[in-house]
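Down below is the structure, laid out as structure tokens.
Sequential numbering from 1 along the given sequence is applied to the chain's residues. Both counts, for ligands and for their atoms, begin at 1 and track the order of listing. Note that the structure is a prediction, hence the values are computed from the model and not measured. Values below: all heavy atoms of this structure, side chains included; hydrogens, waters and symmetry mates excluded.
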Amino acid sequence: MFSRSITALALSLVPALVAAQKESVTEVATSIANTTLQMQAVGLIPDPVPTSALNLTAALGLRFGEGSRDIATGQTVSVDQAKGTPQYSIEYPESVADELDGATFTVLFLDAGAAGVGNPALLDGLLTRHFLGNNFKLGDDGRLTNSTPAITEYASPAPAAGSGPHRYFQVVALQPSNFQAPQNLSQPGTALSTMSLASYISESNLGKIVAASFVLIEDNSAEVTASVSSTAAVQSASVQALATSVSKSLASPSGAPSASGTGTSGNGAAYVAPTKALVASAAAVAAVAFGAALI
Ligand SMILES: *[C@@H]1O[C@H](CO)[C@@H](O)[C@H](O)[C@H]1NC(C)=O
Ligand SMILES: *[C@@H]1O[C@H](CO)[C@@H](O)[C@H](O)[C@H]1NC(C)=O
Ligand SMILES: *[C@@H]1O[C@H](CO)[C@@H](O)[C@H](O)[C@H]1NC(C)=O
């Protein structure tokens, strides 16, 4: 009786776990749209995360520590909660499985400081690297595990007291076979320091970012004195509108007219840097990010 119910439970769980990684196009598109708009709203896209580096085709799952709860994009996380080692997983539709199943990935966890002021290093476009790992592989359950020691082991966030809610973002990028780690970020045990994401991508031939997320972490034990921009929530109607166009490009990924036809390894030559005015039109910028049919 006991063992039979265990078996029944196991049988009912297995298909769910195996299927977890292949989500419906609509679900993934909605998550991608929501994440993109939130990352634009808090000033992460298009700088320091360049639009040309993005080809979001998967939803990123983030947890701090084994067995902990999923963290939603944009969620406020306490310094204590973020002490657990991040666990990453991705969910994507069958239509992009050819590109993601069996791929190798690079994962980064970077601090872009507080919106508006940033940290001093941000003046030079620099981010604080809290984790960098190459050679991540995807398991059947959608979890990403690194097959080699991390370059920078996870250093849990410790934002300065009173410096506002820092934007800690995570990116999962395709790591092509011609990937070559920049010399200064090629050795395991490289300590936390600042870096430019854009330079890292271009120097290493890193592929497109396929999944991204961010959390807000603040040490509010002192009053915020700097002028920190508010991080407004995104409108549900905007998410739905963008999700519709993302759905189309996810459903027929290679059919979409995009920079993918240029044969460049990542930095689509057809891409034109958005101006501040264009950034105001979130959906337009985001459409470029997916090479969406609606440009
Ligand atoms: C190391 O390389 C990264 C990526 O190319 C770069 O952004 C960073 O400034 C470099 N750091 C140092 C200390 O040279
Ligand atoms: C967007 O995602 C956030 C969590 O990251 C969630 O609270 C919100 O309801 C989502 N909005 C829409 C319109 O799906
Ligand atoms: C974006 O991803 C899709 C699905 O994996 C792929 O077909 C397309 O070529 C990619 N586009 C670029 C510009 O990398």
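If you number the atoms of ligand 3 from 1 as listed, the ones under 4.0 Å from a heavy atom of Pro253 come out as 3 (C), 4 (C), 7 (O). Annotation for ligand 3: atoms under 4.0 Å from non-hydrogen atoms of Glu99 are 3 (C), 4 (C), 5 (O), 6 (C), 7 (O).
Ring pair Phe109/Phe64 is perpendicular by interplanar angle, where above 60° counts as perpendicular and below 30° as parallel.
Under 3.5 Å, the side chains of Ser204 and Gln180 contain no donor-acceptor pair of N or O atoms. Using modelled atom types, one finds no donor on one side chain facing an acceptor on the other under 3.5 Å when comparing Asn135 with Thr104. Counting only N and O atoms by type, the side chains of Ser78 and Asp80 include no donor and acceptor under 3.5 Å apart. A donor atom on one side chain and an acceptor atom on the other are found under 3.5 Å apart for Ser193 and Arg129. Checked by atom type, the side-chain pair Tyr200/Asn184 shows no donor-acceptor distance below 3.5 Å. For the 3.5 Å distance criterion, the side chains of Ser213 and Thr73 qualify, holding a donor opposite an acceptor.
Proximity of atom 9 (O) of ligand 2 to the protein is not indicated, since no non-hydrogen protein atom lies closer than 4.0 angstrom. There is a protein heavy atom closer than 4.0 angstrom to atom 5 (O) of ligand 2.
Among all non-hydrogen protein atoms, the one lying nearest atom 2 (O) of ligand 2 is Asn34 ND2, 2.3 Å. For atom 13 (C) of ligand 2, the nearest non-hydrogen atom of the protein is Ser236 CA, 3.6 Å.
Where the criterion is an N or O separation shorter than 3.5 Å, residue side chain and backbone included, Thr73 meets it with respect to ligand 2. For the pair Lys208 and ligand 3, the shortest N or O to N or O distance does not fall below 3.5 Å. Note: an N/O pair closer than 3.5 Å links Asn55 and ligand 3 by distance alone. Here's the thing with Gln38: one of its N/O atoms is less than 3.5 angstrom from an N/O atom of ligand 2. Any N or O atom pair closer than 3.5 Å counts here, and Gln240 shares no such pair with ligand 2.
Ring centers of His130 and Tyr168: under 6.0 Å apart, within the cut-off.
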